[in-house]
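Scope of the values below: all heavy atoms of this structure, side chains included, with no hydrogens, waters or symmetry mates. When a residue number appears, it is its place in the shown sequence, counting from 1.
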Amino acid sequence: VIEGTTLTLTADATTWVYEWVPPTPDAELVATTWGLNSLIDPMSYSTVAGMESGWLRLDPDGTVTGSTSCRDFTASWTADGDRVRFADFVAVGECTGGSVEADARFADVLGGDVSAQIDGNQLVLLTGAGTGLQFLSR
C-alpha cells in the first residue's frame with residue numbers, strides 16, 4: 001500500500017514500512033570542505049586507522065588545502081569537465097602508523113590528473129590506475 005511518501009508491504013504476519021527519502025542534492029566541488037571517508041583500490045574501498053582526520057578543500061582561487069590525516073598540505077588545481085588536475089603538492093610534517101597509507105594515497109591522487117565524481121554529499125577522486133579517495137562533505 002502506498003500512502004503519500006510511505007510504502008507498506010505485508011506478507012503473512014510480517015509488515016515492512018518504508019518512508020521515501022528525497023535524494024541529497026549534489027554538493028559543490030569548490031568551497032566545500034571534504035572529509036576523507038575511504039581509500040579506493042581498483043577492487044575495494046577501505047579505511048585505515050587514523051585516516052578520519054583527513055580532509056581537503058578546493059578554493060575558487062585555484063588552491064587546495066587540507067590534511068592527509070598526519071600532514072597538512074597545499075596544492076593547486078584546475079578543472080576541465082569531470083577532470084581535475086592537481087599540481088605543486090607540498091605536505092609538511094611526518095607520518096607514522098596507519099596514517100602512512102592515507103598519506104601516500106593523498107600524494108598519489110593529488111599528484112596529477114584525476115576524475116572527480118560528485119553524488120550527493122560524496123566526492124570520489126580516481127586516478128587512471130583506479131586508485132583514489134572518497135570524501136563526504138562536512
Side-chain angles (χ1 to χ4, degrees):
V1 175
I2 299 174
E3 291 181 11
T5 60
T6 303
L7 169 65
T8 304
L9 302 173
T10 305
D12 299 325
T14 305
T15 301
W16 297 274
V17 178
Y18 299 93
E19 186 70 30
W20 181 76
V21 177
T24 303
D26 288 347
E28 295 293 325
L29 175 66
V30 179
T32 297
T33 300
W34 296 98
L36 182 60
N37 191 57
S38 299
L39 307 180
I40 303 171
D41 291 309
M43 300 296 286
S44 67
Y45 280 55
S46 63
T47 59
V48 292
M51 68 173 240
E52 54 279 342
S53 60
W55 64 277
L56 64 77
R57 179 182 169 94
L58 288 79
D59 287 317
D61 66 359
T63 60
V64 182
T65 54
S67 171
T68 67
S69 294
C70 55
R71 298 192 301 163
D72 292 337
F73 68 83
T74 60
S76 61
W77 71 277
T78 57
D80 183 13
D82 68 347
R83 306 295 301 174
V84 176
R85 177 150 196 79
F86 293 101
D88 309 317
F89 177 79
V90 176
V92 178
E94 293 186 31
C95 293
T96 59
S99 296
V100 171
E101 187 176 353
D103 182 77
R105 186 61 53 85
F106 265 95
D108 179 47
V109 170
L110 300 183
D113 189 23
V114 298
S115 70
Q117 303 159 359
I118 296 176
D119 184 10
N121 69 336
Q122 173 184 272
L123 167 65
V124 172
L125 300 176
L126 285 176
T127 68
T131 58
L133 299 166
Q134 179 208 30
F135 298 90
L136 298 177
S137 61
R138 290 186 178 168

Hey, is the main chain of [Y] close enough, under 3.5 Å, to the side chain of [X] for a donor-acceptor pair?
X	Y	value
W34	L29	yes
T5	W20	no
D41	T131	no

### Message
For F135, give me all partners under ring-ring contact (aromatic ring centres under 6.0 Å, His included), at least two apart in sequence or on another chain.
### Response
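F135: ring-ring contact (aromatic ring centres under 6.0 Å, His included) contacts with F106.
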Closest non-hydrogen atom pair between [X] and [Y], with its separation:
X	Y	result
A116	L123	CB-CD1, 4.3 Å
C70	D103	SG-CB, 3.8 Å
R138	E52	NH2-O, 3.7 Å

Interatomic distance, [X] atom [atom1] to [Y] atom [atom2] [nearest 0.5 angstrom]:
X	Y	atom1	atom2	result
Q122	T24	CD	OG1	10.5 Å
D82	S115	CG	OG	6.5 Å
T68	R105	OG1	CZ	13.0 Å
D88	L110	CG	CG	11.5 Å
L125	I118	CG	CD1	9.0 Å
L36	M51	CG	CE	4.0 Å

### Task
Quick one: list whatever passes side-chain hydrogen bond (donor to acceptor under 3.5 Å, both in side chains) with T6, sequence neighbours left out.
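T6: side-chain hydrogen bond (donor to acceptor under 3.5 Å, both in side chains) contacts with E19.
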### Task
Please check if atom CD in E28 has more than 12 non-hydrogen atoms from other residues, nucleotides or ligands closer than 6.0 Å.
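No, the 6.0 Å shell around CD holds no more than 12 heavy atoms from other groups.
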Using atom types as modelled, flag every donor-acceptor pair under 3.5 Å from a side chain in residues 53-66 to any protein atom, sequence neighbours excluded.
from : atom 1 : to  : atom 2 : distance (Å)
S53  : OG     : S69 : O      : 3.3
R57  : NE     : D59 : OD1    : 2.7
R57  : NH1    : A31 : O      : 3.2
D61  : OD1    : T63 : N      : 3.0
D61  : OD1    : T63 : OG1    : 2.6

According to a hydrophobic-cluster definition based on side-chain heavy atoms being under 4.5 Å apart (Ile, Leu, Val, Met, Phe, Trp, Tyr only), do [X] and [Y] belong together?
X	Y	result
F89	L133	yes
V109	V84	yes
F86	I40	no
L136	V48	no

### Test side chain to side chain contact (heavy atoms under 4.5 Å, CB included) applied to W77 and V114, step by step
CA-CA 11 Å; W77 71 277; V114 298; over 6 Å; no
### Query
Can you find a heavy atom in the side chain of L9 that is under 4.5 Å from one in the side chain of Y18?
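Counting from C-beta outward, L9 and Y18 do come under 4.5 Å.
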### Message
Any carboxylate oxygen within less than 4.0 angstrom of a Lys/Arg side-chain nitrogen, looking at R85 and D80?
### Response
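Looking at D80 together with R85, the answer is no, because their closest N to O distance does not fall below 4.0 Å.
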